[in-house]
Amino acid sequence: MVNVNEELTKGLKLMKFSKRIQKIKPSMTLAITAKESAMRAKGIDIIGFGAGEPDFDTPENIKEAAVRCLKEGFTKYTPVGGIDTLKEAIIEKFKRDNGLTYNKSEIIVSCGAKHSIYNAVQALFEEGDEVIIPAPYWVSYPDIVTLSGAEPVIVETSEENGFRLRGEDLKQYITSRTKGIILNTPSNPTGGAYTKEDVEEIAAISVERGIFVISDEIYEKIVYDGFNPTSIASIDDEIKDLTVVINGVSKTYSMTGWRIGYTAAHKEIVSAMFNIQSQSTSNPVSISQKAAVEALNGSQDATAIMVEEFRKRRDYIVERLNSIEGVSCFKPLGAFYVFPNISKLYGRRYGDKIIKGSLNMADYLIQEAKVSVVPGIAFGADDFIRLSYATSMENIKRGLDRIEEAIGR
Ligand SMILES: *Cc1c(COP(=O)(O)O)cnc(C)c1O
């Protein structure tokens with residue numbers, strides 16, 4: 001008898017995938033959200049701290065702009081790099097918020113900021129290049145760099161320094177092969193953020209050594225306690241030429257599903273990204289582009305309300321976590337994640353389980369506390385776990401009660 005499954009598996013094994021693809025893994029954060037939903041579908045009462053997106057609805061004015069766009073029949077191909085009105089809105093945003101002046105040839109709109117980063121990396125890096133990534137890093141950076149053929153070089157940052165890369169550490173890792181660095185401020189997963197002085201220091205080193213900076217500023221508008229982000233591109237013209245600024249509407253306007261991200265960079269870089277995009281995805285969704293125009297030009301009230309709610313949750317969650325014995329938590333300046341250090345709990349035994357690292361802890365919490373968190377190892381920092389506070393205050397309270405109880409056992 002022929003076992004069809006076995007035959008299929010054999011067939012797949014014979015199939016040879018590219019070396020490129022064999023080196024990368026799927027996004028662990030997306031995998032955890034999927035596992036969470038699967039458990040919930042089985043009727044298990046899971047409290048999810050895995051979310052990588054705001055729990056707010058897209059603001060009404062933005063949705064209305066999309067409906068208008070549909071009714072007007074704006075549903076065909078658009079220019080590959082985005083419609084003019086959106087580029088104009090983006091140019092205005094950079095002027096208003098960052099004091100940066102760009103023209104249309106220096107702007108390209110892509111299918112989400114992740115796509116912007118992907119295209120920028122494809123345009124700039126290749127085999128033989130090294131790209132510096134400070135850890136803890138956003139899950140996708142190392143794999144996106146690996147896909148380009150370049151080598152990610154991970155540089156640790158310390159919790160004591162607010163998870164910011166220091167100039168002296170950066171210098172130590174720069175070699176003749178270093179082609180770029182990927183900065184993320186405010187940071188996912190830590191909530192750490194770079195001050196003007198911090199980015200000045202990194203800008204000076206980057207200009208001196210001639211390395212590109214990809215600056216992922218997607219959480220720029222989700223900041224607390226009056227923190228005022230500085231885009232590294234705004235330091236001077238030299239660093240501006242070397243910087244690829246990445247931003248988007250996903251987080252600021254709760255528009256993760258609409259897939260709009262954008263890049264500002266030297267026109268040669270934008271033109272290279274344009275070529276990649278024109279031979280792969282073509283334009284971002286026409287309707288989403290019109291909605292993004294409204295997001296950038298319209299009322300910013302919904303964002304302010306969302307950020308104030310995030311701040312309340314952050315204050316609560318940081319305090320609760322710090323009151324748990326063996327746990328310490330840095331107070332984030334931005335984004336909607338906390339990144340508590342749980343390494344003091346390593347070596348502890350719970351029943352027949354010994355917690356040896358962040359994966360064990362995440363496993364223990366989902367099995368025993370029915371709470372899902374992301375293990376820090378996904379971000380290159382095994383002493384930590386990530387909790388997203390893009391969930392209701394009620395869930396946060398219940399979830400922390402469960403975590404506290406499970407850790408205290
Ligand atoms: C969410 C996120 C992105 C991707 O945003 P999309 O626009 O949804 O692709 C990029 N960088 C960081 C750090 C993020 O957290």
Side-chain angles (χ1 to χ4, degrees), residues 26-33 49-56 58 62 82 86 90 93 108-122 131 133-145 147 152 157 163-165 181-194 213-223 229 231-232 244-264 273 277 280-281 284-285 288-289 291-292 295-296 303 306 310 332-339 374 376 378-381 386-390:
S27 155
M28 200 187 287
T29 46
L30 292 181
I32 281 169
T33 328
F49 287 111
E53 59 185 347
D55 55 318
F56 293 80
T58 303
I62 299 174
L86 180 50
I90 291 166
K93 178 240 127 36
I108 178 166
V109 184
S110 303
C111 312
K114 189 186 272 188
H115 187 220
S116 308
I117 297 164
Y118 183 86
N119 287 352
V121 167
Q122 285 291 323
V131 179
I133 302 176
Y137 46 72
W138 185 48
V139 273
S140 295
Y141 299 145
D143 291 274
I144 290 177
V145 167
L147 264 179
T157 63
F163 298 105
R164 292 166 302 177
L165 177 68
I181 170 172
I182 306 184
L183 279 190
N184 175 213
T185 174
S187 150
N188 172 6
T190 67
Y194 289 72
V213 179
I214 295 183
S215 181
D216 180 349
E217 300 173 9
I218 192 106
Y219 292 104
E220 174 194 34
K221 291 287 169 191
I222 305 177
V223 287
S231 174
I232 189 166
V244 178
V245 184
I246 307 282
N247 211 323
V249 298
S250 291
K251 309 289 160 62
T252 310
Y253 305 101
S254 219
M255 291 176 73
T256 45
W258 300 71
R259 313 309 304 133
I260 296 289
Y262 54 84
T263 305
M273 289 173 68
Q277 195 158 305
S280 51
T281 57
V285 175
S288 300
Q289 289 188 62
L296 291 171
T303 303
M306 176 176 79
F310 280 150
L333 292 160
F336 41 74
Y337 311 95
V338 280
F339 205 55
V374 185
F379 313 98
R386 189 192 79 175
L387 282 76
S388 156
Y389 47 92

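Counting starts at 1 for both ligands and their atoms, following the listed order.
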- Query: Have Ser250 and Trp258 got a donor and an acceptor in their side chains that come within less than 3.5 Å?
  - Reply: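 Checked: Ser250/Trp258 side chains show no N/O donor-acceptor pair below 3.5 Å.
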
- Query: Does any donor atom in the side chain of Ser231 or Glu217 lie under 3.5 Å from an acceptor atom in the other side chain?
  - Reply: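 Yes, because at least one side-chain N or O of Ser231 sits under 3.5 Å from a partner of the opposite role on Glu217.
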
- Query: How far does NE2 of His115 sit from OG1 of Thr263, to the nearest 0.5 angstrom?
  - Reply: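 Reported to 0.5 Å precision, the distance equals 9.5 Å.
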
- Which bit of His115 gets closer than 4.0 Å to ligand 1, counting heavy atoms only: side chain, backbone, both or neither?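 Contact part for His115 vs ligand 1: neither.
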
- Message: Are Phe379 and Tyr137, when compared by the centres of their aromatic rings, separated by less than 6.0 Å?
- Response: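 No - the distance between ring centres of Phe379 and Tyr137 does not fall below the 6.0 Å cut-off.
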
- Is it true that Phe336 and Tyr219 have ring centroids separated by less than 6.0 Å?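 Between Phe336 and Tyr219, the centre distance is under 6.0 Å.
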
- Message: Run the ring pair (Phe, Tyr, Trp, His ring centres under 6.0 Å) test on Tyr118 and Tyr141 for me, step by step, so that the C-alpha distance in whole Å, both residues' side-chain angles and the decisive distance to 0.1 Å come before the verdict.
- Response: CA-CA 9 Å; Tyr118 183 86; Tyr141 299 145; over 10 Å; no

- Task: Could you check whether the rings of Phe339 and Phe163 sit parallel, tilted or perpendicular, using 30° and 60° as the cut-offs?
- Result: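 Aromatic pair Phe339/Phe163 classed perpendicular.
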
Give the residue and atom name of whichever protein heavy atom lies nearest to [atom], and the separation in Å to one decimal.
atom                    : answer
atom 8 (O) of ligand 1  : Arg259 NH1, 2.8 Å
atom 2 (C) of ligand 1  : Lys251 NZ, 2.5 Å
atom 12 (C) of ligand 1 : Asp216 OD2, 3.4 Å
atom 5 (O) of ligand 1  : Ala113 CB, 3.7 Å

I'd like to check whether [X] has a polar contact with ligand 1, where a contact means an N/O of the residue lying under 3.5 Å from an N/O of the ligand.
X      : value
Asn184 : no
Gly112 : no
Lys114 : yes
Ser250 : yes

- Item | Shortest heavy-atom approach to atom 15 (O) of ligand 1 - which of Phe336, Tyr219, Tyr118 |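 That would be Tyr219.
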
